[in-house]
Amino acid sequence: METVEINLEEQFQARIDADIRIEPKDWMPDAYRKTLIRQISQHAHSELVGMLPEGNWITRAPSLKRKSILLSKVQDEAGHGLYLYSAAETLGTTRDQMLADLHSGKAKYSSIFNYPTLSWADMGCVGWLVDGAAILNQVPLCRTSYGPYARAMVRVCKEESFHQRQGFEIMQTLCAGAPVQKEMAQEALNRWWWPTLMMFGPKDADSPNTAQSMNWRIKRFTNDELRQKFVDMMVPQAEFLGLTVPDPTVKWNEERQAYDFGEVNWEEFWNVVKGNGMCNQDRLGARVKAHEEGAWVREAALAHAKKRAQKAAA
Amino acid sequence: MTQSEWPLWEVFIRSKQGLDHKHVGSLHAADATMAIQNARDVYTRRMEGVSIWVVESKHVHASNPDDAEAFFDPANDKVYRHPTFYDVPDSIKHM
Ligand SMILES: [Fe+2]
Ligand SMILES: [Fe+2]
Ligand SMILES: [Fe+2]
């Protein structure tokens with residue numbers, strides 16, 4: 001029995017190493033399944049909760065054009081959540097279970113959404129920086145080893161680039177505006193820069209699961225690699241806007257051909273992860289409220305479908 | 001507790017007139033009408049489709065991946081089913 005199991009694991013790893021995708025009904029190690037369910041559902045929760053900070057600004061967008069764009073973007077994020085929940089469900093968990101875990105606080109979502117969106121410039125920073133960081137995380141996941149997850153990510157990535165561009169355009173417009181508008185943009189960048197760097201997760205040294213995930217090709221770059229890429233991408237973009245990233249140690253390193261940058265405040269990071277961020281309670285509260293107040297709609301739809309099916313059968 | 005989760009549906013989309021419907025993913029909906037409407041909102045926000053099929057997932061039957069090797073074996077050694085198996089003289093055109 002034991003040897004059969006070992007053999008299966010070896011075959012499984014051989015398929016992964018050959019870049020052959022794993023599909024829902026294929027044999028897979030329990031730990032692979034569990035890791036994927038955790039990662040994919042966490043990602044889905046992030047898309048879902050991620051609608052809240054921006055939803056906050058839909059009714060306050062400065063023009064009809066901006067409002068339509070923001071509405072579209074938030075609608076995309078709902079779609080991303082759905083693609084990802086569906087992918088997780090192919091691994092044997094249920095939508096109800098995942099939502100229950102989110103609502104009870106057992107499951108996590110990206111900490112970035114526990115920061116408040118205080119001004120219109122925050123809509124610029126969320127699109128430009130937060131979606132920008134998400135894209136860096138997500139593009140390699142289009143080649144992740146689990147088929148349904150990879151296919152969901154292809155769809156997500158196609159839609160994300162408009163998110164980042166609309167954010168950048170908001171920043172560009174503010175930076176080309178009156179001095180107070182530019183100040184608003186700088187002030188938003190000051191608040192979002194560090195939390196965005198935290199989106200890539202703890203330092204590699206403090207991320208014990210990275211090695212296994214890389215081995216399974218669930219993850220294709222380490223947290224620190226992606227963080228470095230992000231800084232290298234964003235510093236020139238901030239310069240283009242005439243803004244300064246709030247890190248005096250940022251400096252081009254000729255030898256490394258990359259920017260040096262300062263240390264993230266990890267105490268703050270863990271504190272937000274543990275639930276003590278500025279908006280954790282608000283976000284979760286809003287989620288639970290929406291779910292509970294929507295219960296009658298879900299029940300009514302089922303009752304209606306049942307009634308129609310009975311009528312059709314009669 | 002009574003059934004609370006809406007059933008799961010598989011979604012197939014024809015991206016363009018003349019092409020096949022292709023599986024794009026799944027979603028939950030109370031009935032077929034809602035499944036088609038949700039599929040429109042989830043999978044065709046950017047004109048990705050001109051036609052949608054939905055099938056309740058429980059009605060999909062699939063071959064067993066564990067048997068794939070034996071199951072697809074009959075096609076494995078029949079190279080003569082492919083045109084490249086045959087040598088056509090250079091002087092022969094239009095074949
Ligand atoms: Fe998204
Ligand atoms: Fe995302
Ligand atoms: Fe996005």
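Computed from a predicted structure; not experimentally measured. Values reported hereafter were calculated over all heavy atoms of this structure, with side chains retained and with hydrogens, waters and symmetry mates removed. All chains are named by letter (A, B, ...) in the order of the sequence lines, taking the proteins before the strands, and each is independently numbered beginning at 1.
- Between chain A and the residues D66(B), V24(B), D41(B), the most heavy-atom pairs under 4.5 angstrom are made by V24(B).
- Of the two parts of E89(A), only the side chain, counted from C-beta on, holds a non-hydrogen atom closer than 4.5 Å to a non-hydrogen atom of chain B.
- Closest of all the heavy-atom pairs between M153(A) and L141(A) is CG-CB, 3.7 Å.
- Nearest heavy atom pair, residue A150(A) against residue R21(A), reads CB-NE, 3.9 Å.
- Ranked by non-hydrogen atom pairs under 4.5 Å with chain B, the options E159(A), K158(A), Q75(A) are led by E159(A).
- Listed options S86(A), G79(A), A152(A), A87(A) were ranked by heavy-atom pairs under 4.5 angstrom with chain B; first place goes to S86(A).
- With a 4.5 Å cut-off on non-hydrogen atoms, S72(A) does not touch chain B at all.
- In terms of heavy atoms, T117(A) sits closest to W57(A) at O-NE1, 3.0 Å.
- Contacts between A62(B) and chain A at a heavy-atom distance below 4.5 Å involve the side chain alone, from C-beta outward.
- Side-chain atoms of S41(A) do not come within 3.5 Å of backbone N or O of M98(A) as any donor-acceptor pair.
- Side chains of Y83(A) and E47(A): no donor on one and acceptor on the other come within 3.5 Å.
- The residue among K25(A), R298(A), R151(A), E23(A) with the most heavy atom pairs within less than 4.5 Å of chain B is R298(A).
- R308(A) touches chain B through its side chain: at least one heavy atom from C-beta onward sits under 4.5 Å away, while N, CA, C and O do not.
- Comparing T94(A), L82(A), D76(A) by how many heavy-atom pairs each has under 4.5 Å with chain B, the most go to D76(A).
- In this structure, the portion of T33(B) lying under 4.5 Å from any heavy atom of chain A is its side chain and not its backbone.
- Donor-acceptor pairing under 3.5 Å is lacking for the side chains of S15(B) and E48(B).
- The one candidate from E160(A), H43(A), R155(A), H163(A) that meets the side chain to side chain donor-acceptor pair (under 3.5 Å) condition with H80(A) is E160(A).
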